[in-house]
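All chains are named by letter (A, B, ...) in the order of the sequence lines, taking the proteins before the strands, and each is independently numbered beginning at 1. These numbers come from the heavy atoms of this one structure, side chains and all, not from hydrogens, waters or symmetry mates.
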Protein chains: 2
Amino acid sequence: MGLSYVEENYLKAILKLSGAPEGLVSTNAIAARLSTTAASVTDMLKKLSEKDLIHYTRYKGAALTPEGQRIATGLVRKHRLWEVFLVESLGMTWDEVHDIAEQLEHIQSDRLIESLDAFLGHPKFDPHGDPIPNAEGKYSVRAQVPLSSLTEGQEGTVIGVREDETAFLRHLNEKGLTPGRTVRVLTKDTYDNTLRLLTDGRELNLSGKAAKNIMIKIS
Amino acid sequence: MGLSYVEENYLKAILKLSGAPEGLVSTNAIAARLSTTAASVTDMLKKLSEKDLIHYTRYKGAALTPEGQRIATGLVRKHRLWEVFLVESLGMTWDEVHDIAEQLEHIQSDRLIESLDAFLGHPKFDPHGDPIPNAEGKYSVRAQVPLSSLTEGQEGTVIGVREDETAFLRHLNEKGLTPGRTVRVLTKDTYDNTLRLLTDGRELNLSGKAAKNIMIKIS
DNA sequence: AATAAAATTTAGATTAGTCTAAATATCGAT
DNA sequence: ATCGATATTTAGACTAATCTAAATTTTATT
Ligand SMILES: [Mn+2]
Ligand SMILES: [Mn+2]
Ligand SMILES: [Mn+2]
Ligand SMILES: [Mn+2]
């Protein structure tokens with residue numbers, strides 16, 4: 001009936017990897033993402049294909065079937081709802097919730113996830129600014145721009161990041177650049193785009209590279 | 001490092017079964033509890049013994065070591081805290097939380113469970129009235145008597161059950177005999193101990209057998 | 001079009017957990 | 001003390017998921 005923990009992770013990986021080129025996902029790409037070997041991936045692709053969760057052609061690659069897509073999107077929904085719970089209810093920081101959500105997303109109970117969704121007030125975005133699919137698998141979109149695109153004097157609110165690597169999130173925690181914070185661009189270096197920012201009454205510097213990965217809602 | 005889901009369930013089963021006679025737990029008792037075969041249990045007992053989580057003597061039985069007891073008690077702590085969350089925060093009923101908690105108890109994160117405990121206000125008892133071990137593994141106790149021991153005219157509050165079988169809990173839901181409810185004994189049949197109760201402004205009958213399994217705090 | 005490099009699959013082995021059937025040990029009578 | 005019933009362990013096999021090494025296919029380059 002239900003899928004194993006491992007099968008679920010493969011489906012999620014394929015969903016994630018089919019984002020960019022919209023084409024077929026390669027064996028090596030999946031192996032890299034799941035830190036496993038190409039041989040193991042091949043075995044699993046055959047199995048998922050047998051269950052009609054992916055379309056798979058030897059040597060060509062894999063793509064999710066509608067059913068596979070439904071399951072994978074449901075996992076993303078669960079992952080992001082749990083991340084909201086961990087941050088909003090339990091007071092954890094956005095750098096420490098991903099690994100825990102990675103476990104929680106495999107808990108099996110429709111009643112549970114719908115109750116959790118209601119308890120959290122049907123959030124549309126997770127702590128990293130990623131959209132939470134609804135029960136039908138539909139995503140919300142919202143206007144957002146990278147902090148790097150703001151000009152001197154402009155102001156906005158931090159609503160997420162493009163890359164949610166732990167080290168980067170911790171770095172932002174230390175700078176106080178967390179979701180909900182208002183930031184104003186004081187100066188922007190014309191040569192290397194380094195920013196001088198004002199947030200929470202304090203001034204700080206931010207590299208142009210970091211600024212590209214912080215998403216802002218213009219206020 | 002960490003234990004597998006399966007190993008954890010064996011430790012929890014041994015803890016549960018060592019309750020009554022305080023002696024050794026038999027292979028067949030574990031097999032029955034986990035719905036598996038005696039042969040499988042024997043294999044696992046060897047493995048857990050190898051890891052110094054149980055003391056095991058062939059043909060005699062098993063008992064938890066201090067380390068095994070610590071782990072098993074931690075699982076019970078997690079299970080019961082999650083049950084409180086599901087009932088108190090998500091509004092689920094006490095008959096539908098056990099199976100979900102059975103999954104949630106295996107989530108690995110000390111930070112998570114301590115945050116959850118704080119979020120819930122460090123509860124001492126779960127929705128079924130069972131004590132929640134603290135982080136050091138110590139249980140609370142409280143005065144409680146079976147509803148069957150109340151005499152006519154006596155009043156008390158429902159705080160738990162002795163047997164938490166789903167069908168029984170659903171039955172109590174329908175009668176309105178849920179945690180926190182005040183009940184007064186109107187009459188008690190002298191022959192078969194059937195009770196006539198008043199709770200929430202309504203009168204109802206309850207068998208003597210059911211009354212033995214409902215725990216009451218005398219008010 | 002031929003060939004070298006890269007990607008992918010296959011073959012064969014390993015580990016965790018499980019099972020059935022057979023062997024062995026313990027327990028409870030007589 | 002012996003015998004039969006019961007409990008437990010062992011032997012051997014199976015599935016899911018993984019790996020390494022070898023074989024095969026695709027691709028990129030001459
Ligand atoms: Mn995440
Ligand atoms: Mn996220
Ligand atoms: Mn329970
Ligand atoms: Mn309980």
May I ask you to check whether over 12 heavy atoms, not counting those of K212(B), lie within 6.0 Å of atom NZ? no
Using a 4.0 Å heavy-atom cut-off, does Y5(A) contact any base of the nucleic acid, only the sugar-phosphate backbone, or nothing at all? nothing
Here the distance between atom C1' of dA16(C) and atom CG of N9(B), to the nearest Å, is 15 Å
For the pair made of NZ in K46(A) and P in dT15(D), what is the distance, rounded to whole Å? 16 Å
Is the shortest side-chain N to carboxylate O distance from E102(A) to K12(A) below 4.0 Å? yes
For L48(A) and dA16(D), give me the distance from atom CG to atom C1', rounded to whole Å. 13 Å
So what does T27(A) hit on the nucleic acid, given a heavy-atom distance under 4.0 Å: a base, only sugar-phosphate, or nothing? sugar-phosphate
Take atom OH of Y59(B) and atom C1' of dT9(D), then tell me their distance rounded to the nearest Å. 4 Å
Just compare dT8(C), dT9(C), dA25(C) and give me whichever is closest to any side-chain atom of T42(A). dT9(C)
N28(B) CG to dA25(C) P, in whole Å, measures 18 Å
Measure from NZ on K60(B) to C1' on dA25(C) and round the result to the nearest Å. 9 Å
Apply side chain to side chain contact (heavy atoms under 4.5 Å, CB included) to L147(A) and M215(A), showing your working. CA-CA 6 Å; L147(A) 177 52; M215(A) 304 309 294; over 6 Å; no
Whichever of A38(B) and M44(B) has its nearest DNA chain C nucleotide further upstream toward 5': M44(B)
Considering only side-chain heavy atoms of A39(A), which listed nucleotide, dT24(D), dT10(D), dC19(D), is closest? dC19(D)
What nucleotide among dT18(D), dT9(C), dT18(C) has an atom nearest to a side-chain atom of Y10(B)? dT18(C)
Side chains of E7(B) and K51(B) in contact at under 4.5 Å (non-hydrogen atoms): yes
Is it true that F85(A) and F85(B) have ring centroids separated by less than 6.0 Å? yes
Does anything in residues 30-37 of chain A reach DNA chain D, meaning a heavy atom under 4.0 Å, and if so which residues? T36(A), T37(A)
Start at the 5' end of DNA chain D and walk down; is the nucleotide closest to D43(A) or to R58(A) reached first? D43(A)
Are K209(A) and E163(A) within salt-bridge range, i.e. N to O under 4.0 Å? no
Ring centroid separation for H98(B) and H128(B), is it under 6.0 angstrom? no
Counting just side-chain N and O atoms, does S40(B) come under 4.0 Å of either OP1 or OP2 of dC19(C)? yes
Could you tell me the separation between the NZ atom of K51(A) and the C1' atom of dT15(D), rounded to a whole number of Å? 12 Å
